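Here the structure is a predicted model, which is why all the values come from computation and not from measurement. No hydrogens, no waters, no symmetry mates; every other heavy atom, side chains included, goes into these values. Below, read A as the first sequence line, B as the second, and so on, with proteins coming before strands; counting in each chain starts at 1.
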Protein chains: 2
Amino acid sequence: MSPDSPSLVVGDDDLETTVRSRDAGATRQLLLTAGRRRFAQDGYSSTKVRDIASDAGVNVALINRYFGSKEGLFEACLATARDELGRTDDATTSLDNLVEKTTRQISGPPNGERTLMLLLLLRSSGDEGADRIRRNTLRSFAEQMSVAAGWAPESARSDDLMLRAQVALSTMLGIALLRASSTGLEPLTSAGAGDLEGPLSDVIRALLEPPPGRGA
Amino acid sequence: MSPDSPSLVVGDDDLETTVRSRDAGATRQLLLTAGRRRFAQDGYSSTKVRDIASDAGVNVALINRYFGSKEGLFEACLATARDELGRTDDATTSLDNLVEKTTRQISGPPNGERTLMLLLLLRSSGDEGADRIRRNTLRSFAEQMSVAAGWAPESARSDDLMLRAQVALSTMLGIALLRASSTGLEPLTSAGAGDLEGPLSDVIRALLEPPPGRGA
DNA sequence: TTTGTAAGTCAGCACTTGTTTACATCGACC
DNA sequence: GGTCGATGTAAACAAGTGCTGACTTACAAA
């Protein structure tokens, strides 16, 4: 019947059981997903292209075909993270909402989608282009947080407030990193959303208290 | 910092390979210092043994002679960081004191001694022994913070308090990481102790408010 | 001086790793 | 059928990269 191409059967977690014989787009996507996880978990230089290809169930050479180089794949992964994190899904204009979203972003499995995005922003490849993407994404993300905390967009760019937002971001990143770390620091690593919401709420509120000129 | 090692002409462009004083202890120390900086800045797998040796002005093979392997040198560096951070210099029993110490630890050049120690704790080599050192050091450091915040040592080990201390630690680590990152995220990267003390104080106080049952 | 030993040097092996090159295969269109 | 471009595969290349073992040198005891 179906001339199964056995070497192309890939994902245990992916469901494209259909004979994806020759689909450039799908192959690119597989490499992006696998690369994102590897880069986020192991860092850039620890990640081997053969591992990524193996995870994706794809030949190694295709990384170079579709992304030019390991660097190229990394930048592409970073771009997907940027698009993902840059998406201001809805009007998050309350501190409660920000706290809830942040908690959800952090808690969750260390290799979950959201955590991977954050970790990716901490992984450097030494490339200037990739660094620029990371910097812009981080800056924009912190800016979003200050705005979401209820600050007016214009006032949300003052140096003091940006610093505070970036400290809040540091907390998120630090937690994500420690949780994903191989140290297994307890109770942080195993803490669930319920455990983290209290401390996180305290931190965010202490840093980004509601706008001074407004409600309060 | 260390009493200048006599007849060890290393620092500059090593041209005179003739005058290599034969002091095993000094050589070990040179390798530890160079290794600590490289590992902390670039991560484990990005760091090449030849670079460390070059920084130290020492032959590559001596890494293997004195530390067995690259891994061995990394573990030794980690141990020095543990000893450094584990040193409870004085009775730090006030929140003010903790905030001041934390601020001093964080602010300072990204390649300063103190920051390097923190960054080292985040660098994984994949080795189990190194991971255990990192975990114990991190745990002990967080514990110290909760005690320094004024909690009684016995109550300082409750899960909830430990979690809060570890979140505070996450903030420190996240800031250190972002500051040392090649992204150059502003204003965080260039923020001085004066700028950071306010936000940091807010975070630490929000997380580790003075003991409830005691004084106050 | 001779000799023993610790400290340091040197060349290169065995292996990894990103990349490239040459070839095979599929799908479509004439 | 036959050609051809897109897709995928396998092998190999070139530049590292950690590590080793034989060798040399400084220092000091005998």
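- Whole-Å rounding puts the A:Lys70 NZ to C:dT20 P distance at 15 Å.
- Nearest to the side chain of A:Ala61, among D:dT9, C:dT9, D:dG18, sits D:dT9.
- The separation between A:Leu62 atom CG and D:dA6 atom C1' is 12 Å, rounded to whole Å.
- Distance A:Arg65 CZ to C:dA22 P: 14 Å, rounded to the nearest Å.
- Checked for salt-bridge contact, A:Glu143 and A:Arg139 miss the test: no charged N lies under 4.0 Å from a carboxylate O.
- The CZ atom of A:Arg28 sits 16 Å away from the C1' atom of D:dG8 (whole-angstrom rounding).
- Here the C1' atom of nucleotide D:dT17 and the CD atom of B:Glu71 are 15 Å apart, to the nearest Å.
- Checking the phosphate oxygens (OP1, OP2) of D:dC19, a side-chain nitrogen or oxygen of B:Asn64 falls inside 4.0 Å.
- Spacing between atom CG of B:Asp23 and atom P of C:dA7 amounts to 9 Å, rounded to whole angstrom units.
- Atoms OH (A:Tyr66) and C1' (D:dT9) sit 12 Å apart, rounded to a whole Å.
- A straight line from CZ of B:Arg50 to P of C:dA11 spans 12 Å, rounded to a whole angstrom.
- Between A:Ser190 and A:Glu186, the side chains place a donor N or O and an acceptor N or O closer than 3.5 Å (distance only, hydrogens not considered).
- When the side-chain nitrogen and oxygen atoms of A:Thr27 are compared with OP1 and OP2 of D:dG8, one or more of them lie within a distance under 4.0 Å.
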